[in-house]
Amino acid sequence: MTPNPPPVTVALVGAGNRGQTYARWIAEHPERARLVAVADPRPHQRGLVVDQAVAAQAGLSAAHAVASGTALNVEPGAELPQVAEFAGWRDLVAAGDADRAAGGTGRLADMVIVATQDREHRDPVVALAPQGYAILVEKPLAPSPEECRDVVDAVEESGVLFGVCHVMRYMPYTDLVKSVVDSGVLGEIVNVQHLEPVGWWHDAHSYVRGPWRSEKTSSPMLLAKSSHDLDWIRYVTGKRIATVASFGSLKHFRPEERPAGAADRCLDCPLEPTCPYSAPRLYLSTLREKGPIWPVSVITDATDEAGVVEALRTTDYGRCVYDSDNDVVDHQVVAMELEGGGAATFTMTAFSEQDHRKTQIFGTHGCLDGDGEKVRVTDFRDGSVTVHDGGHHGATNAADDHGGGDSGVMDAFVRAVATGDPSHVRSGAVESLQSHLAVFAAEESRHRRTVVDVPAR
């Protein structure tokens, strides 16, 4: 009988919301993966990840891991597994160098997950790749074409396994859509229409008050949020995006749209009870109904109402949406010419329910209408209509596994590391670079109001 392979060891760079999501998957699959190191400047966030990992490795349920050590009830005298903690990725790199100098492999784990903020992806990847880590990095790769190419060059020169967290590629729903396209029942793909309904409250949370509100400090909305979607169109159709034109703006979340009598903060505002973008309604309702999960977990380390109210009084998350320093668009459209023929359109809007993406694909022999869980396929040859149900795999937000995509990318990448088979990774360096270049071209088009060709590399 073949023994089970040892768990893949993982180092985590960035212990924020995304990093915690991937760390939770590791804790829930101790037979497949084991967290051995975490790098983040915030002790509280490191502690959340470490306690969860130690609990899982000690044979306890990941659900029992909390920020305080009181949940780690193990036998007296038992030796707890260790997770190395670093204040930043540079310390992790230095530890690898020290290990190599001492005659070791030069790395502390089999793979590393880079889940830092958007502008903090390139440097750790470029430094960690030569140390031999398999690298899984959050999207976007970087905020500029040059930096994206730096990342790709580094991993190609090092020859390491590499993947990008384009989680939509790994959703069961995507498997369903792609299986229909690849079956040939639609014939040759001629047009794609794709909608991303961001959701009014999600946009206010992340892109008006949150860390992705500014192109200067983060990245454009199309890169921060919708790079998933242009990448998804490229993946599902199998066609590179060759030419783009785009329009969009910050239409609503501006001082000019501020209602008369609105206060600078929701807690002080007489209009708050009827405002669609009320911060107290969003965060306090979530806390009361579901507990301190995302998005509450983003605005405060506290887990009670007093802590949430304090965050609303003192942080950006309590500011009026018409009095923030945001500049990213709240709506955008992209028209795309696909390589080899065909075209696609993409619409992103803040002014919707927060829901699954909606897609229509039109081919020469049939068409597909998808709602994020089911697809309806019409075959032109006989007029038949078939409905395929991909099942429910959670909502599309960070609190609910992104429709199975978060767990899907972790399952695939860990499997690739364990088996040495890169075919499990659907979002490799070159494909991801091409999707990013389409985003940068679309932004150039939006600003210059012109049609832009997308380079292949």
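The first residue in the sequence is number 1, and the count goes up from there.
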Asp175/Arg426 ion pair, N-O < 4.0 Å: yes
Non-hydrogen side-chain atoms of Tyr173 and Lys374 separated by less than 4.5 Å: no
Are Ser158 and Tyr133 linked by a side-chain donor-acceptor pair shorter than 3.5 Å? no
Does Arg90 come within less than 4.0 Å of Glu120, counting only side-chain N to carboxylate O? no
Show your working on side-chain hydrogen bond (donor to acceptor under 3.5 Å, both in side chains) between Glu196 and Ser226 and close with a plain yes or no. CA-CA 8 Å; Glu196 180 183 15; Ser226 304; 2.7 Å; yes
State whether Arg234 and Glu431 are salt-bridged, where the test is any N-O pair (Lys NZ or Arg NE/NH1/NH2 against Asp/Glu carboxylate O) under 4.0 Å. no
Geometric cation-pi criterion, Lys178 with Tyr235: 6.0 Å, 45°: yes
Do Arg446 and Glu215 meet the salt-bridge criterion of a basic N to acidic O distance under 4.0 Å? yes
Enter the distance from Asp355:CG to His202:NE2 here, rounded to the nearest 0.5 Å. 13.0 Å
Using a 3.5 Å distance criterion without hydrogens, assess whether the side chain of Asp110 forms a donor-acceptor pair with backbone atoms of Thr9. yes
Looking at Gln131 and Val93, what are the two nearest heavy atoms and their distance? NE2-O, 2.9 Å
Test side-chain hydrogen bond (donor to acceptor under 3.5 Å, both in side chains) on Thr21 and Asp406; report intermediate values, then the result. CA-CA 8 Å; Thr21 294; Asp406 292 344; 4.8 Å; no
Worked check of ring-ring contact (aromatic ring centres under 6.0 Å, His included) between Trp232 and His228: CA-CA 6 Å; Trp232 190 85; His228 279 310; over 10 Å; no
Is there a side-chain contact between Met336 and Thr345 in this structure, where contact means two heavy atoms from C-beta onward sitting under 4.5 Å apart? no
Just by modelled atom types, is the Ala311 backbone N or O under 3.5 Å from a matching donor or acceptor in the Thr315 side chain? yes
With the side chain counted from C-beta on, respond yes when Phe346 and Leu195 share a heavy-atom pair under 4.5 Å apart, and no when they do not. no
Separation of Leu433 CG from Phe440 CZ (nearest 0.5 Å): 8.5 Å
Nearest heavy-atom neighbours spanning Arg213 and Gly210: NH1-O, 3.0 Å
Keeping Ser297 on the side-chain end and Trp294 on the backbone end, is there a donor-acceptor pair under 3.5 Å? yes
Per the side chain to side chain contact (heavy atoms under 4.5 Å, CB included) rule, which among Leu271, Asp323, Val321 passes with Arg258? Asp323
Taking every heavy atom of Leu108 against every heavy atom of Val36, the minimum-distance pair comes out as O-CG2, 3.5 Å
Does Asp229 pair with Arg357 as a salt bridge, N-O distance under 4.0 Å? yes
Any donor and acceptor pair, going by atom type alone, linking the side chain of Arg18 with main-chain N or O of Ala115 inside 3.5 Å? no
Between His356 and His402, does the ring centre distance come in under 6.0 Å? no
Decide whether Ser249 and His331 meet the rule of one side-chain donor and one side-chain acceptor closer than 3.5 Å. yes
May I have the step-by-step check of side-chain hydrogen bond (donor to acceptor under 3.5 Å, both in side chains) for Gln354 and Asp203, ending in yes or no? CA-CA 9 Å; Gln354 202 274 318; Asp203 194 86; over 6 Å; no
Within the distance-only criterion (no hydrogens, no angle test), does the side chain of Asp330 pair as donor or acceptor with the backbone N or O of Lys251 below 3.5 angstrom? yes
Do Ser407 side-chain atoms and Gly404 backbone N/O form a donor-acceptor pair below 3.5 Å? yes
Arg265 side chain to Arg313 main-chain N or O, any donor-acceptor pair under 3.5 Å? yes
Any donor-acceptor pair under 3.5 Å linking the side chain of Arg319 with the backbone of Asp264? no
Can you tell if the side chain of Ile299 reaches within under 4.5 Å of the side chain of Tyr283, non-hydrogen atoms only? yes
Please find out if less than 6.0 Å separates the ring center of His205 from that of Trp201. no
So, the side chain of Ser324 versus the backbone of Val208: is there a donor-acceptor pair under 3.5 Å, distance only? yes
Distance in Å, Gln360 CD paired with His194 NE2, rounded so as to fall on 0.5 Å steps: 12.0 Å
Please report the shortest heavy-atom distance between Tyr317 and Arg209, naming the atom on each side. O-CD, 3.4 Å
Could you state the interatomic distance from CZ (Arg46) to CG (Asp51), rounded to the nearest 0.5 Å? 12.0 Å
Ring center gap for Tyr277 and Phe253 short of 6.0 angstrom: yes
Can a donor-acceptor pair be found, under 3.5 Å and without considering hydrogens, that links the side chain of His166 to the backbone of Asp231? no
Could you give the distance from OG (Ser427) to CE (Met168), rounded to the nearest 0.5 Å? 12.5 Å
Using a strict threshold of under 4.0 Å (side-chain N to carboxylate O), is an ion pair present between Arg122 and Asp150? yes
Would you compute the distance between atom CG of Asp327 and atom NZ of Lys216 and round it to the nearest 0.5 angstrom? 4.5 Å
